[in-house]
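What follows is a short report on a single structure.
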Protein chains: 2
Amino acid sequence: MGTLTKIRAAAAPAVDEPRELPLGRILPGDCVAAMRSLPTASVDLVFADPPYNLQLGGDLNRPDGSHVDAVTDHWDQFASFAAYDKFTREWLAEARRVLKPDGALWVIGSYHNIYRVGAILQDLGFWLLNDIVWRKTNPMPNFRGTRFTNAHETLLWASTGEKARYHFNYRAMKTLNDELQMRSDWVIPVCGGQERLKENGHKAHPTQKPEALLYRVLLATTEKGDVVLDPFFGTGTTGAVAKRLGRQWIGCEREEGYRKVALKRIEKELPLDESALETMQSRKGQPRVAFGALVEAGLLAPGAELFDRQRRWTASVRADGSIISGAETGSIHHVGKTLQGAPSCNGWTFWHLEHEGEVKPLDALRQLYLLAVED
Amino acid sequence: MGTLTKIRAAAAPAVDEPRELPLGRILPGDCVAAMRSLPTASVDLVFADPPYNLQLGGDLNRPDGSHVDAVTDHWDQFASFAAYDKFTREWLAEARRVLKPDGALWVIGSYHNIYRVGAILQDLGFWLLNDIVWRKTNPMPNFRGTRFTNAHETLLWASTGEKARYHFNYRAMKTLNDELQMRSDWVIPVCGGQERLKENGHKAHPTQKPEALLYRVLLATTEKGDVVLDPFFGTGTTGAVAKRLGRQWIGCEREEGYRKVALKRIEKELPLDESALETMQSRKGQPRVAFGALVEAGLLAPGAELFDRQRRWTASVRADGSIISGAETGSIHHVGKTLQGAPSCNGWTFWHLEHEGEVKPLDALRQLYLLAVED
DNA sequence: TTTAGCCCTGAATCAACCC
DNA sequence: AGGGTTGATTCAGGGCTAA
């Protein structure tokens, strides 16, 4: 994007006319101005790693005297909380405009800035869904022995509003976590080794994030083909992982050096093939089975007796796939719900039957049916 | 405290005349009014577990239809973020007044409230030292499968200002963590089992905190005899652990039922004896050992050779406890610092020697010396 | 035979969370 | 309205074994 375009984009109020999204490109200049050039409601996810507003004093040395290469870059210095808040409100507001209504936002930060970001985000109408703790396996120790070792950073995940819809790939996360629900604390090493980008021996960026972190974020909260915007692109971890996972990406980055490194990096990245991405699908993708189909297929005879696990209630299957229990008739879900007086009931797991001498939930029969249909 | 006293305390500006602290007492009524009755700069630590402002909607049921017993108490209801912020500013400001200049504040919360608390705390001039993640080993699952399992809560630890002093028992924490620096993520189970207070079969308080959490907080950031104030005392976990650790406590609690349970609980608590508390002392409390004393005691002969771990430098011990390395002479610390060109150097850990065929830091010798002196 | 103690199982519970 | 959606822990009670 040329300077003229940039200036016009910054000066003109946002226009909602459809514009082509700069997919796979890194917009130069200030991220607020850059985001103004994007259409409203055009992006599925924003991932942001803003400056942390670290309040470092002088130099830091290890107990053995060696010097700690800390974050002292000029872009991380803010005069006051007020200045940082103003900056935060501006980029968050623009991110909000650019997001689709059922899009979502991620921000990563440390205790220096995350409380300000979190409060402002709520003030702007974003709705917090989780705060995630990135628990570092190998944090830098506290060399002074004056505080607890700062062994984590925090990510905020927010929808665009309290009632807004959002995407969460529950099954993919559960699969990734060995069939247990993914928790709000993620154990991931800091970025180092081969993954850490270097330029003539020095780290190319002081706060390069591990790809594992972005992998989990994108896998959890985007679909294939979604557009991911990173307003603080740095050396492009978001872009690299997005490309690998078959997501589209847009970056904003002021520093030309970082843009160069990022483009080179993403160039080398190879997308996973279709089949690798498919395996991460939700159970919702399974074909829906009508209870009646089981009766129809002869897996279950009309008149068969169903009962809940504790055998508090029994019901009888009818020819049309409805069931009857006393005065209650209807679907397996409806009768289960009414008998329990519950707000809802999954009949597939609530009702059981004796099958080859064993007590099994109806769901087992459904799986059998699905297997039979597949062949 | 009677209504009249309360009103006067609320109306009158804080007076700095020395007043007797209500140690070991739970002040009734609103915590802001109660704190106003306390003298300025009289408390060493504030630990606060304020309402989380959970903003809960309808009922929550498990997949099996059973009902989840959630926090529905009126004290957790706020009309808006603005109302919650006002409440937070008021109690935090009063806590600030009551704290000694080198006192500190802890607040625990969840993503619903902690970002507001953190930002307000910074606005009031408190200085964040760490944010601590309480990682629950046994969190409640996410029954709807719509988000990540909320498996942690956050604690903020703050001093009264950027330049303010504060207490951190580094050695006690390192000892507690098996000789590794204590990290900012603490793995502690939720409060249950025997520890969970019950009244006629039901939990006495919906959000009782585990004692292990308070144990670590008080051990890390208070000294024996310090005064700990908890403005949201609940069933008195803070008081119970404070008493056990030989700290003084003051509580504020509106609900008479909670006050009764708390007093009964703390009554039963037994303080640890002196010797148990002594073992948790800071290394600073250990008698300081002059390097010369080791020479004097014969643990180290004059002329013995010292070297750094990488054997970049060597030095020789002199009879007076000074060392010499080339042209540099002085204390173990000074020579180490000068040779490295470092701003400072801990000679005890920098210099090594061969001892019984093994390379050991001087510090090992110091420990031997201390053991010998104790007997 | 009695009985203390262990193992197994099922129920309850923990700062809440739909499309 | 159908159809999704729960993990670690404690504790009580039944059955078994060994002293």
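Below, chains carry the letters A, B, ... as their sequence lines are ordered, and counting in each starts from 1. Not measured: the values here are computed from a predicted model.
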Worksheet item: Is it true that the NZ or CZ of B:Arg254 lies under 6.0 Å from the centre of B:Trp75's six-membered ring and within 45 degrees of the ring axis?
Response: no
Would you say the base of D:dG7 and the side-chain of B:Thr149 have a donor-acceptor pair closer than 3.5 Å? no
### Message
Below the 4.0 Å mark, does C:dA11 have OP1 or OP2 next to a side-chain nitrogen or oxygen of A:Arg309?
### Response
yes
Here the distance between atom P of C:dA15 and atom NZ of B:Lys136, to the nearest Å, is 6 Å
Inset, instruction - Please check if the distance between the ring centroids of B:Trp106 and B:Trp157 is under 6.0 Å. - result: yes
Contacts of B:Asp69 and B:Asn142 projected onto DNA chain C by closest heavy atom; the upstream (5') one is B:Asp69
Atom NZ of A:Lys163 and atom C1' of C:dC19 are separated, to the nearest Å, by 14 Å
By the Watson-Crick or G-U definition, both distances under 3.5 Å, D:dT10 is matched with C:dA11
Testing C:dA16, C:dA15, D:dA8 for proximity to the side chain of B:Met140, the answer is C:dA16
With the side chain defined as heavy atoms from C-beta on, A:Arg366 is closest, among C:dA15, C:dC17, D:dG4, to D:dG4
Please check if any side-chain donor atom of B:Asp131 sits under 3.5 Å from a side-chain acceptor atom of A:His152, or the reverse.
-> yes
Picking from C:dC17, C:dC14, C:dA15, the nucleotide nearest the side-chain atoms of B:Val71 would be C:dA15
_Residue pair A:Leu45 / A:Val227, side-chain heavy-atom distance below 4.5 Å_ = no
Is it true that atom NZ of B:Lys203 has more than 12 heavy atoms of other residues, nucleotides or ligands lying nearer than 6.0 Å?
-> yes
Between B:Thr137 and A:Val289, the residue closer to the 5' end of DNA chain D by nearest nucleotide is A:Val289
field: Rounded P spacing from C:dA16 to D:dG4 in Å
entry: 26 Å
Between CH2 of A:Trp348 and P of D:dG2 the distance, given in whole Å, is 13 Å
Partner of D:dC16 under the Watson-Crick or G-U wobble criteria, both distances under 3.5 Å, comes out as C:dG5
Would you mind classifying the nucleic acid contact of B:Asp49 as base, sugar-phosphate or nothing, using non-hydrogen atoms under 4.0 angstrom? base
| said: Ignoring hydrogens and geometry beyond distance, is the side chain of B:Lys209 in donor-acceptor contact with the base of C:dA15 at under 3.5 Å? | reply: yes
query = At under 4.0 Å between heavy atoms, what does B:Pro139 touch on the DNA or RNA strands: base, sugar-phosphate, or nothing?
reply = base
query = Would you say C:dC14 has OP1 or OP2 under 4.0 Å from some side-chain N or O of B:His205?
reply = no
Which of C:dC19, C:dC14, D:dG4 is nearest the side chain of B:Arg196? It is C:dC14
Quick note, B:Asp64 side chain, CB onward, closest among D:dT6, D:dG2, D:dT5 is D:dT6
Checking all strands, does B:Trp75 fall into the base, sugar-phosphate, or nothing category for heavy-atom contacts under 4.0 angstrom?
base
Separation of C:dA11 atom P from A:Arg311 atom CZ, nearest Å, is 13 Å
Quiz item: Expressed in whole Å, how much space separates the C1' atoms belonging to C:dG10 and D:dT6?
Solution: 16 Å
*Going by distance alone, is a donor N or O of one side chain under 3.5 Å from an acceptor N or O of the other, for A:Thr222 and A:Arg247?*
yes
Applying the 3.5 Å cut-off to both distances, the Watson-Crick or G-U partner of D:dT5 turns out to be none
Item to complete: For B:Ser66, answer base if it contacts any base atom (sugar-phosphate contacts may also be present), sugar-phosphate if it contacts only those atoms, and nothing otherwise; contact means non-hydrogen atoms under 4.0 Å.
Response: nothing
Requested in this report: Remember a base hit wins even if backbone is also touched, and classify A:Lys337 as base, sugar-phosphate or nothing at under 4.0 Å, heavy atoms.
Outcome: nothing
The Watson-Crick or G-U wobble partner of C:dC17, with both key distances under 3.5 Å, is none
Exercise. Indicate, with a heavy-atom threshold strictly under 4.0 Å, whether B:Asp76 touches base, sugar-phosphate, or nothing.
Key: base
To the nearest angstrom, the CD-C1' distance between A:Glu162 and C:dC18 comes to 14 Å
**Prompt:** Are any of B:Arg147's side-chain N or O atoms less than 4.0 Å away from OP1 or OP2 of D:dT6?
**Reply:** no
Comparing nearest nucleotides in DNA chain D, the 5'-proximal residue of the pair B:Gly193, A:Lys174 is A:Lys174
Assess the side chains of B:Asn130 and A:Tyr111: does a donor N or O sit below 3.5 Å from an acceptor N or O?
no
Winner on side-chain proximity to B:Arg144, out of C:dA15, C:dC18, D:dG7, is C:dC18
Note to self: Under 4.0 Å from OP1 or OP2 of C:dA15: is there any side-chain N or O of B:Ser110 that close?
What the structure shows: no
* To do: Remember a base hit wins even if backbone is also touched, and classify A:Leu180 as base, sugar-phosphate or nothing at under 4.0 Å, heavy atoms.
  => sugar-phosphate
Among the nucleotides C:dA15, C:dC19, D:dT6, whichever has the atom closest to the side chain of A:Tyr166 is C:dC19
When rounded to whole Å, the CG to P distance for the pair A:Asn346 and D:dG4 reads 6 Å
Give one of base, sugar-phosphate or nothing for B:Tyr111, where a contact means two heavy atoms less than 4.0 Å apart. sugar-phosphate
Rounded to whole Å, CG of A:Asp363 lies from C1' of D:dT5 at a distance of 13 Å
Exercise. For atom P, what is the distance between D:dG2 and C:dC17, given to the nearest Å?
Worked result: 26 Å
Separation of D:dT9 atom C1' from B:Arg62 atom CZ, nearest Å, is 13 Å
Side chains of A:Thr221 and A:His167, donor plus acceptor under 3.5 Å: no
### Query
Just checking B:Pro210: base, sugar-phosphate only, or nothing, at a heavy-atom cut-off of under 4.0 Å?
nothing
